[in-house]
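One structure below.
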Amino acid sequence: MPEADTGSEAPADNPFVRDPDTDFAPVDALDEAAAREQVDQLRAAIRYHDHRYYVENDPTIGDRAYDRLFSRLQELEAEFDLATEHSPTQRVGAEPLDELESVEHVAPLLSLDSSGDADDVRAFADRVAREAGEVEFVCEPKFDGLSVAVTYVDGRLEQAATRGDGETGEDVTENVRTIDSVPLKLRGDPPDVLVVRGEVYMPRDAFTAHNRERVERGDDPFANPRNAAAGSLRQLDPKVTAERPLDCFFYDVLAARNIGEGTEDESAGAAPVDDVDPSRGGLDVGLDTHWAEHERLPEWGLKVDHEAERVTDIEAAIDYRNRLGERREDLNYEIDGVVVKVDDRATCLELGTTARHYRWAYAYKFPARDEVTTIEDVVVQVGRTGRLTPVALLDPVDVGGVTVSRASLHNRDEIAAMGVGVGDEVRVQRAGDVIPYVAEVTEQRSEGHFAFPESCPRCGSDVEFDGPNAFCTGGLTCPAQLIRSVEYFTDVLDVEGVGEEAAEQFVAAGVVEESVADLYDRSAEEFADLEGWGETSARNLVDELDAARHPPLGEFLAALGIPEVGPTVADDVAREFGSLDAVLDADEADFERVDGVGSVVAEHLAEFLANDRNRAVVARLRDESRLGEPAAVDDDGGGDELAGLTFVFTGSVEDWTRSELQALVERHGANATGSVSGNTTYLVVGDSPGQSKRDAADANDVPQVDPGGFFALLAERGVDVES
């Protein structure tokens, strides 16, 4: 049944607001009407207490009394089946999601132009003055969390999404519902449709306590509060998010509208979100300035940061940033600068935006934090592309509230330039307040700088230097590169069930020991023996691998993970050479003659395929799996019936291999590629399709047809499949 609309402020006569009596009568002594009345009172009171505690930081009752009110509400909702999605009891988290869906934002969530130089901030103000005259500014802390857009319809939380690329983000509605400072129902008299931007973060003290709990139960601690907040908000299981101590500040109205604005029928109810004019923001509901917005948001129950100030000119804004910087370590949340924005919203509309930035706002950043410590050792990590990265192991030091024990040394040229070695005292900085790196040597204690290894620390292969960068030449047989090889290979071939975690597990357990070809030697029983795998998931994986044994040549080449060789280039190469043997026999000059292949790509192709270890992996894949060898297809003479069309295939089609289907459409004038793009005409979806190609089709508005629809299309075009 719908929840009674009692409002978020509890009435003065609500018995559970001031000194609540928690000596409740037994549940079975209430009839449904009495239970419903008490539920409404409890919800209103709990919303009031939540606001006082989480938003105003001024609770009026103790924790024990609050817990009793909350437990009573849970008890009544369960006994009389009165639970609703906007009840305060629903913050515990919904059922796990299969994936985070994409959401298109009502208004773009743009980023901010930024600098740590005061002269750049003055230049921003000068440009504003030239275009709009003298203005006042609002200054706010620049929170170091995760930006979200939260939509309320009729005062109730309807949707929440991450910033994403600014145009679309991930739907995190169920996760945001678990954050206590985000109201499920607004207070006062909010607009019928309200879209607000906020920042989800993890308070410093909560971050420290939560990390301690993680370590005590054997989990790895989070690196910093921002990573903790981002990882928590993007969980597929909202119950996990509910266990994380997240908080949220709100600071911008993206869109707002009341009933009947711009419509003839004022009885039609609240305007749908997609009818709201985002360009006007909150102008239509009386929010003519950002400062008015800052004052109004708390009236609706939305938490703002009271460190914000309104100033008369840019020099006052610079002074605000400097004053806040001095108090930065006293704040209970991470900030990396301040945001200076034009106060008048009509002027903001006049100033407009660039493709990426608001032209009416600027981020004045703080300097990177640094501390001095000692290098205890230097290790070289091998990345999944074979790149070697030197990492300094440090005597742990607190850098801006984060304990740093490892820092990047960039590359061998940087090591030589700094003359850095084991035992040296060094200055460590956090780039962007996140990534630690060694900035300089403050005291030379070593006898010489660290010598870069000439062989790969993971597989012993020779190290090849390309300018300042170093690469392992072990290719597909290097364990570090092998993980990436497994993950990438299976992704390109649409083998479901293998991601980064599974790839690491396969290599660590020895299931994949020498190369990705090992996957085709393994039985379902061997996969089922791994932790977290069962008979069903193991059998599904083996079936997926079997279904991917005959990919088109281009798809096979793309799956090898050759640097700079994506699906489009791989298709071009396959079309030019026609067979795997011809590709293997080609040299750099041959590759460079292929349309769409430049000198850099040709060099990567030639080097990769000239490597004996890589060639051994390719040969084994072909011999054991017949990968890269399209099956023969009867020649029906061909034609141009499908000219101008581009097909991509995913999943299996009964009685046909993917290479046969590709050859079929190509003989009749179409293109067949291994990946979906804006140029794709149709995605043909068979049994057990790959999700990545379907997602790409959705993103590019590419029609998806099943095998029946595909063959019907061919028949309409005059292609006789039976001949």
Counting C-beta onward and ignoring hydrogens, is there a side-chain heavy-atom pair between [X] and [Y] closer than 4.5 Å?
X	Y	answer
T373	E425	no
H294	E309	no
V196	W300	no
T60	R18	yes
L112	V339	yes
R427	V438	no
R310	H290	no
P468	E414	no

If we ignore angles and hydrogens, is there a donor and acceptor under 3.5 Å between the side chains of [X] and [Y]?
X	Y	answer
R163	S147	no
D305	Y333	yes
D120	S115	yes

Would a distance-only check, ignoring hydrogens and angles, find a side-chain to backbone donor-acceptor pair under 3.5 Å from [X] to [Y]?
X	Y	value
T374	D395	no
D113	A361	no
T241	S232	yes
Q235	G231	yes
R127	R359	yes
E293	V253	yes
R197	A149	no
Y152	P183	yes
D319	E315	no
T173	A160	yes

Legend entry - Stepwise side-chain contact (heavy atoms from CB on, under 4.5 Å) check, V342 with F137: CA-CA 5 Å; V342 174; F137 298 97; 4.1 Å; yes
Inset, instruction - Can you establish whether the number of heavy atoms outside D19 located under 6.0 Å from its atom CG is more than 12? - result: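 No, because the 6.0 Å sphere around CG of D19 holds 12 heavy atoms or fewer from other groups.
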Inset, instruction - Evaluate whether atom CD of E104 has more than 12 neighbouring non-hydrogen atoms of other residues, nucleotides or ligands under 6.0 angstrom away. - result: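 No, not enclosed.
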Legend entry - CA sep, side-chain torsions, deciding dist, call: D252, R345, salt bridge (charged side-chain N to carboxylate O under 4.0 Å, His left out): CA-CA 11 Å; D252 194 15; R345 293 187 64 106; 3.5 Å; yes
Inset, instruction - Hey, can you tell me if F249 and Y201 have their rings parallel, tilted or perpendicular (30° and 60° cut-offs)? - result: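 Parallel, since the angle between the ring planes stays under 30°.
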Heavy-atom pair of closest approach, residues [X] and [Y]:
X	Y	result
H105	L109	CG-CD1, 3.8 Å
A407	V428	CB-CG1, 4.3 Å
F366	I335	CE1-CD1, 3.6 Å
A132	L351	CB-CD2, 4.2 Å
D144	E199	C-OE2, 4.2 Å
E307	P141	CB-CG, 3.8 Å

Nearest 0.5 Å, what's the [atom1]-[atom2] distance between [X] and [Y]?
X	Y	atom1	atom2	value
L246	F207	CG	CZ	12.5 Å
T353	Y358	OG1	OH	8.0 Å
Q41	L69	CD	CG	11.0 Å
L194	R156	CG	CZ	14.5 Å
D119	I318	CG	CD1	8.0 Å
Q159	T151	CD	OG1	5.5 Å

Inset, instruction - Could you go through the side-chain contact (heavy atoms from CB on, under 4.5 Å) check for L73 and R43 one step at a time? - result: CA-CA 7 Å; L73 177 58; R43 285 176 182 162; 3.8 Å; yes
Inset, instruction - Please test R122 against D126 for salt bridge (charged side-chain N to carboxylate O under 4.0 Å, His left out), starting from the C-alpha separation and ending with a verdict. - result: CA-CA 6 Å; R122 293 186 178 102; D126 289 342; over 6 Å; no
Inset, instruction - Kindly state whether the ring of Y320 and the ring of Y364 have centres lying under 6.0 angstrom apart. - result: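 Not close enough - the centres of the two rings lie 6.0 Å or further apart.
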Inset, instruction - List the steps, then state whether salt bridge (charged side-chain N to carboxylate O under 4.0 Å, His left out) holds for E329 with R204. - result: CA-CA 10 Å; E329 302 305 327; R204 282 180 170 176; 3.5 Å; yes
Legend entry - Option from D288, V135, V138 for which side-chain contact (heavy atoms from CB on, under 4.5 Å) with D343 holds: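 With D343 as partner, side-chain contact (heavy atoms from CB on, under 4.5 Å) holds for just one option, V138.
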Inset, instruction - Check each of V200, L146, D171 against T162 using the side-chain contact (heavy atoms from CB on, under 4.5 Å) test, and report the only one that passes. - result: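 That would be L146.
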Legend entry - S181 vs D247, side-chain hydrogen bond (donor to acceptor under 3.5 Å, both in side chains): CA-CA, chis, key distance, verdict: CA-CA 6 Å; S181 56; D247 209 330; 2.6 Å; yes
Inset, instruction - Could you tell me whether E299 and R187 make a salt bridge, using a distance below 4.0 angstrom between a side-chain N and a carboxylate O? - result: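 The answer is no: the pair does not qualify as a salt bridge.
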Legend entry - Residues E174 and R177 bridged, charged N to O under 4.0 Å: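 Looking at E174 and R177, the cut-off is met.
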Inset, instruction - Assess whether side-chain hydrogen bond (donor to acceptor under 3.5 Å, both in side chains) is satisfied between N14 and Y48, documenting all intermediate values. - result: CA-CA 11 Å; N14 189 311; Y48 171 83; over 6 Å; no
Legend entry - Evaluation steps, side-chain contact (heavy atoms from CB on, under 4.5 Å), between E334 and R226: CA-CA 8 Å; E334 292 281 353; R226 186 191 187 284; over 6 Å; no
Inset, instruction - Carefully, step by step, assess V372 and V426 under the rule side-chain contact (heavy atoms from CB on, under 4.5 Å). - result: CA-CA 6 Å; V372 173; V426 295; over 6 Å; no
Inset, instruction - Test R323 against E326 for salt bridge (charged side-chain N to carboxylate O under 4.0 Å, His left out), laying out the working first. - result: CA-CA 5 Å; R323 286 186 286 110; E326 293 174 357; over 6 Å; no
